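Being a predicted model, the structure only gives us computed values, none of them experimental.
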Amino acid sequence: MAAQLGLTEESGLSPGEPELAVNPFDGLPLSSRYYELLEQRRALPIWAARFTFLEQLESSPSGVVIVSGEPGSGKSTQIPQWCAEFALARGFQESRVTVTQPYPLAALSLALQVADEMDLTLGHEVGYSIPQEDCTGPQTLLRFCWDRLLLQEVASTRGTGAWDVLVLDEAQERSVASDLLQGLLRDARLGNLPEDPKVVVVTDPGLEPKLQAFWGNPPVVRVPSGPGRCPTPVYRDAVPTDRVEAACQAVLELCRKEAPGDVLVYLPSEEEISLCCESLSREVGTLTIQGPPPRVLPLHPGHSQAAQAVYEDTDSGARKIVVTHWLADFSFSLPSIRHVIDSGLELRSVYNPQIRAESQVLRPISKCQAEARRLRARGAPPAAPGFTRPPLCAEEAALRRALEHADGDHSSLIQVYEAFLQSGADKAWCQARGLNWAALCQAQKLRGELLELMQRIELPLSQPAFGSEKNRRDLQKALVSGYFLKVARDTDGSGNYLLLTHKHVAQLSPFCCYRSRRAPARPPPWVLYHSFSVSKDNCLSIVSEIQPQMLVELAPPYFLSNLPPSESRDFLNQLREEMADSSTESESSSTQEFRDACVLQ
């Protein structure tokens with residue numbers, strides 16, 4: 001099978017030879033960068049298993065192949081390319097290859113790198129599908145997809161879906177969507193289908209035996225271990241009081257020593273990532289080092305555009321300092337990483353049934369995660385918030401205060417977005433007010449896609465009426481209808497909010513508009529919040545004032561009945577009875593008037 005491919009990368013051609021090689025996927029001549037990246041790809045541990053993988057993919061009786069290897073061996077970048085070559089050699093009509101990822105950011109990151117390695121155009125031959133962003137087209141033959149989106153596609157169609165080869169990457173993550181996909185595909189019995197679809201399950205050695213038993217003992221391709229260039233970990237006995245400052249000092253120390261290679265920094269939260277990048281950006285300019293100053297790059301969902309910058313300017317000689325968190329642990333790769341600085345912590349959203357709320361929990365990472373992060377240093381290619389920080393000075397606080405809305409944070413964010421558009425999406429305008437320029441650009445893009453979708457399905461569109469009384473009322477109704485579980489009450493007037501679903505006390509976030517007002521009056525007695533964090537002084541983020549009457553009117557009846565015993569519950573139930581009595585009297589009065597009118601006629 002491997003001999004049938006006839007691919008250029010196996011022919012040994014180089015840019016200096018007279019014969020100009022052609023990319024088999026788009027028919028265009030291959031660039032010199034393709035050959036540079038090809039040399040790096042051939043140095044990966046996974047490359048030794050190339051022919052074995054292609055032979056097993058061709059001859060597997062069940063249509064399933066398991067690929068097992070350590071993190072950083074190149075599985076996530078090379079297996080999809082080989083599957084695309086396999087589909088092209090088999091003569092599939094459209095050569096459709098889909099690769100699933102447990103995290104949207106990983107799908108975006110891998111699509112960027114693989115398109116670069118294959119010398120193809122992102123959005124044409126190689127694309128990605130993530131929430132609210134579909135960068136694919138009619139010519140897309142290799143698609144990286146969030147596993148939840150693919151599960152929706154498979155569940156809504158008959159058969160296996162619109163693909164010929166499916167790669168389930170990072171199966172050891174055991175996401176709900178990944179497990180369901182494997183269950184559905186196993187029950188479909190791929191070997192008996194006329195289309196002869198292929199499934200490749202990529203995992204680490206720890207989960208290999210369970211997957212092999214689940215799929216009925218399919219062939220397994222084991223990736224040999226790397227050359228062993230992974231550095232020895234160094235642990236600090238004393239836990240630093242400020243992990244952001246400690247991470248910055250460690251990075252600066254590497255820069256002063258001029259140790260070769262890029263740096264990967266793991267911090268648990270997006271806020272700490274932003275603070276670390278701001279501090280490093282100020283400090284690296286003052287270093288006396290040879291060559292260009294290092295580039296500091298944040299990488300998390302709020303800065304998805306920075307994923308492109310991670311792979312750009314590889315020949316400029318500037319060191320890259322990539323600051324990320326656990327979302328980018330898996331399927332993230334950069335050829336020149338030599339140093340990893342790890343806080344050993346992660347911030348996860350966990351639903352706590354005892355307090356009936358989703359909270360951000362700060363906890364240590366597992367040994368498996370720590371080892372996976374460390375292996376990224378082998379050298380092998382392995383928003384919602386609108387504000388970036390609290391105001392730094394009185395001038396910045398005044399500029400931000402002008403953007404605040406009296407109704408709370410939700411309306412303030414809409415007002416910030418409107419002002420952002422009026423400024424022409426100016427980055428300097430955002431920096432002067434401490435606004436997240438990347439998040440606002442993403443919001444503008446998502447809004448455009450939603451408008452396009454509404455026009456496509458012929459939904460009626462109305463002109464924006466933000467600020468009108470009707471729009472204000474409709475916005476409050478929408479928020480209460482969707483977030484009735486996330487309501488808190490200030491029982492003593494001091495800003496200590498008691499969550500309605502549990503006797504848990506929280507305060508308003510420093511980013512909240514009610515905290516930044518010049519002459520704060522009494523805090524709003526009833527608020528609706530977007531998120532609740534247990535790990536940061538029990539903060540309520542993105543808060544807006546609501547009226548209890550609206551909560552009683554719009555929340556389901558069972559919600560009020562099942563609240564824990566409290567003064568707030570008694571108040572709401574009493575208010576519900578009063579509103580019900582008032583409604584009954586109003587109906588009887590209107591009915592009597594109607595009957596009288598009928599008699600008079």
## Note on the structure
By salt bridge (Lys or Arg N to Asp or Glu O under 4.0 Å), Lys210 pairs with (sequence neighbours left out) none

### Query
Sequence neighbours excluded, which residues qualify as side chain to side chain contact (heavy atoms under 4.5 Å, CB included) partners of Ala111?
Leu122, Tyr128, Phe144

### Query
Could you walk me through whether Ser178 and Asp147 pass the side chain to side chain donor-acceptor pair (under 3.5 Å) check?
CA-CA 6 Å; Ser178 176; Asp147 53 11; 5.2 Å; no

### Message
So, applying side chain to side chain contact (heavy atoms under 4.5 Å, CB included) with Val221, which one of Lys75, Gln56, Arg50 is it?
### Response
Gln56

### Query
In Å and rounded to the nearest 0.5 Å, what is the OG1 to CZ distance from Thr203 to Arg174?
9.5 Å

#### Entry: Test item: Leu38 and Tyr34 side chains (from C-beta on) under 4.5 Å apart, heavy atoms
yes

#### Entry: Full working for side-chain contact (heavy atoms from CB on, under 4.5 Å) between Gln81 and Val114
CA-CA 7 Å; Gln81 299 184 54; Val114 169; 3.7 Å; yes

## Note on the structure
Note: Ile341 and Val263 closest approach over all heavy atoms is CD1-CG1, 4.0 Å

### Task
State whether Asp262 and Arg319 are salt-bridged, where the test is any N-O pair (Lys NZ or Arg NE/NH1/NH2 against Asp/Glu carboxylate O) under 4.0 Å.
no

### Query
What residues, two or more places apart in sequence or in another chain, satisfy side-chain hydrogen bond (donor to acceptor under 3.5 Å, both in side chains) together with Arg447?
none

### Query
According to the interplanar angle, ranging from 0 to 90°, do the rings of Trp82 and Phe53 count as parallel (below 30°), tilted (30 to 60°) or perpendicular (above 60°)?
tilted

### Task
Drop me the distance from Ser62's OG to Arg186's CZ, to the nearest 0.5 angstrom.
12.0 Å

### Query
Excluding sequence neighbours, so at least two apart, what forms ring-ring contact (aromatic ring centres under 6.0 Å, His included) with His124?
none

## Note on the structure
Rounded to the nearest 0.5 angstrom, the CD1-OG distance for Ile46 and Ser76 is 9.5 Å

### Message
Checking Glu272 now: which residues fulfil salt bridge (Lys or Arg N to Asp or Glu O under 4.0 Å) with it, not counting sequence neighbours?
### Response
Arg243

### Query
Tell me, do Phe25 and Glu85 make a side-chain contact under 4.5 Å, heavy atoms counted?
yes

### Task
List in chain and number order the residues that pass salt bridge (Lys or Arg N to Asp or Glu O under 4.0 Å) with Asp119, two or more places apart in sequence or in another chain; answer none if no residue qualifies.
none

